[in-house]
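Everything below concerns the one structure shown next.
Position 1 is the first residue of the sequence; numbering continues from there. Order of appearance sets the numbers: ligands from 1, and atoms from 1 within every ligand.
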Amino acid sequence: MTVLVIGGTGKVGTLLVTTLAANGAKVRVLVRSEDRVALLPTGVDPAVVSIVDDPDGAQAAFDGIDQVFMLNRPVATEVVEGVLAVLLARRAGVRRFVYQSVFHAEAHAHLPHVASKVAIGTAVRNSGMAWTLLSPNHFFQNDWMTREALSDGRYVVPIGGVGCSGIDAQDIAAAAARVLSSDGHDGMDYPIVGRQVLNGAACAAAWSEVLRRPVTYDTDPARWRASSPMPAWLGLDLMTMYETFGRDGYIASEREMDSTVRLLGRQPVDYADYVTRTAAQWGLS
Ligand SMILES: NC(=O)c1ccc[n+]([C@@H]2O[C@H](COP(=O)([O-])OP(=O)(O)OC[C@H]3O[C@@H](n4cnc5c(N)ncnc54)[C@H](OP(=O)(O)O)[C@@H]3O)[C@@H](O)[C@H]2O)c1
């Protein structure tokens, strides 16, 4: 089995590529520039090309590929990158296309970075290839951008008071590895969700417990904006997303939680375990 991973140097992709390679799969990772190759584990085949800048040149990266896993960073060219990748995969005769979307994408398509997932997901479903979608909830790792505030005793991710069924990127990568390594997933859109409903206060309390000092939930979204540099359009997009979470939450049903557990073959990682691991990695505990 040869898998092409697009987005293989990020939070989910790094873990997925490592897992696939450790399980003996042949893995090719498409990276947009030469300096990204150093991020890949040894034994992984890099394909250095930007789909957006050089789509014809990118075609060769799909040669001999059996399955594609793709996630795309929320950038202004996300739809172009994602839909072109589907087109190139189809031309190359790829058997299966696995695409990472977003939990309840249709309901959140008023947000530009989710509208792009709906468009790309439609291209994937209509491609004629076998397909599977993975639709994760809010990543635990969204904390990463706010490390400085956490060190100062403030939890600033504005997820609000209702809560999310947040998930560890480790579990998303594990779910993707399962889909890419087994049959029975064609035409499925899997919610990838945690068991706990986490609101801002619960996240702050988990950090407080692990750091053994007070961490308070800072409810002012401006503080999160200040800690998270990003283009203006994405700032408005994500602020609107957090307003929606604050009002309605982003909570999975029992059925959706059970579906994640079945796919993983175990319970998803607890937020407290993620915080313990992350605080140790950051040298905070
Ligand atoms: N955060 C959440 O709560 C959440 C929830 C559900 C879904 N999602 C979706 O999950 C995806 C992100 O997954 P992730 O966090 O694992 O990815 P990530 O860490 O953001 O990295 C994804 C890839 O983005 C590429 N990249 C880096 N800078 C870029 C740029 N300026 N322009 C274009 N590409 C760039 C990198 O590939 P190269 O090596 O080629 O540069 C990298 O492998 C997004 O589609 C997001 O909307 C996120």
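Per-residue contacts place Thr9 under 4.0 angstrom from the following atoms of ligand 1 (heavy atoms of the residue considered): 36 (C), 37 (O), 38 (P), 39 (O), 42 (C), 43 (O). Taking every non-hydrogen atom of His113 and a distance limit under 4.0 Å, the qualifying atoms of ligand 1 come out as 47 (O). Under a 4.0 Å criterion applied to the non-hydrogen atoms of Val12, ligand 1 contributes the atoms 16 (O). Numbered from 1 in the order shown, with element, the atoms of ligand 1 that lie under 4.0 Å from a heavy atom of Gly10 read 18 (P), 19 (O), 21 (O), 42 (C), 43 (O).
Atom CD of Gln267 has more than 12 heavy atoms from other residues, nucleotides or ligands within 6.0 Å. By the 6.0 Å contact criterion, CD on Gln281 is enclosed, its count of non-hydrogen atoms from other residues, nucleotides or ligands being greater than 12.
Between Tyr250 and Phe245, the ring-plane angle classifies as parallel under the 30° and 60° cut-offs. Using cut-offs of 30° and 60° on the angle between ring planes, the pair Tyr274 and Tyr271 is tilted.
Checking only distances, His138 never comes within under 3.5 Å of ligand 1, N or O to N or O. Geometrically, ligand 1 and Val75 share no nitrogen or oxygen pair separated by less than 3.5 Å.
Summarising the contacts of atom 44 (C) of ligand 1 with Ile51, Leu71, Asn72, Ile159, the nearest heavy atom is found in Asn72. Comparing heavy-atom distances from atom 1 (N) of ligand 1 across Leu111, Asn142, Thr14, Ile167 singles out Asn142 as nearest.
Looking at Glu81 against ligand 1, nothing comes within 4.0 Å, counting heavy atoms. At a heavy-atom distance under 4.0 Å, no atom of Thr77 approaches ligand 1. For Lys117, every heavy-atom contact with ligand 1 shorter than 4.0 Å involves the side chain, none the backbone. Heavy atoms of Ser101 found under 4.0 angstrom from ligand 1 belong exclusively to the backbone. Here Val31 has heavy atoms under 4.0 Å from ligand 1 in both its backbone and its side chain. With a heavy-atom cut-off of 4.0 Å, Arg32 touches ligand 1 through backbone and side chain alike.
Note: Arg96 CZ to Met129 CE = 12.0 Å, rounded to the nearest 0.5 Å.
The closest side-chain heavy-atom distance from Arg277 to Asp168 is below 4.5 Å. Between Ile120 and Val124 there is a side-chain heavy-atom pair separated by less than 4.5 Å.
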Derivation and outcome, salt bridge (Lys or Arg N to Asp or Glu O under 4.0 Å), residues Asp53 and Arg32: CA-CA 9 Å; Asp53 296 337; Arg32 290 168 310 127; over 6 Å; no
Asp258/Arg195 under salt bridge (Lys or Arg N to Asp or Glu O under 4.0 Å): CA gap, chis, key distance, verdict: CA-CA 9 Å; Asp258 290 345; Arg195 273 250 168 246; 2.9 Å; yes
Step-by-step salt bridge (Lys or Arg N to Asp or Glu O under 4.0 Å) determination, Asp171 to Arg266: CA-CA 10 Å; Asp171 286 334; Arg266 58 167 171 76; 2.8 Å; yes
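Within the structure, ligand 1 lacks Leu39 among the residues with a heavy atom less than 4.0 angstrom away.
Regarding atom 19 (O) of ligand 1, its nearest protein heavy-atom neighbour is Lys11 N, 3.0 Å. Scanning the protein heavy atoms around atom 4 (C) of ligand 1, the nearest turns out to be Phe139 CE1, 3.2 Å.
Remark: Arg178 engages no residue in a side-chain hydrogen bond (donor to acceptor under 3.5 Å, both in side chains) (not counting sequence neighbours).
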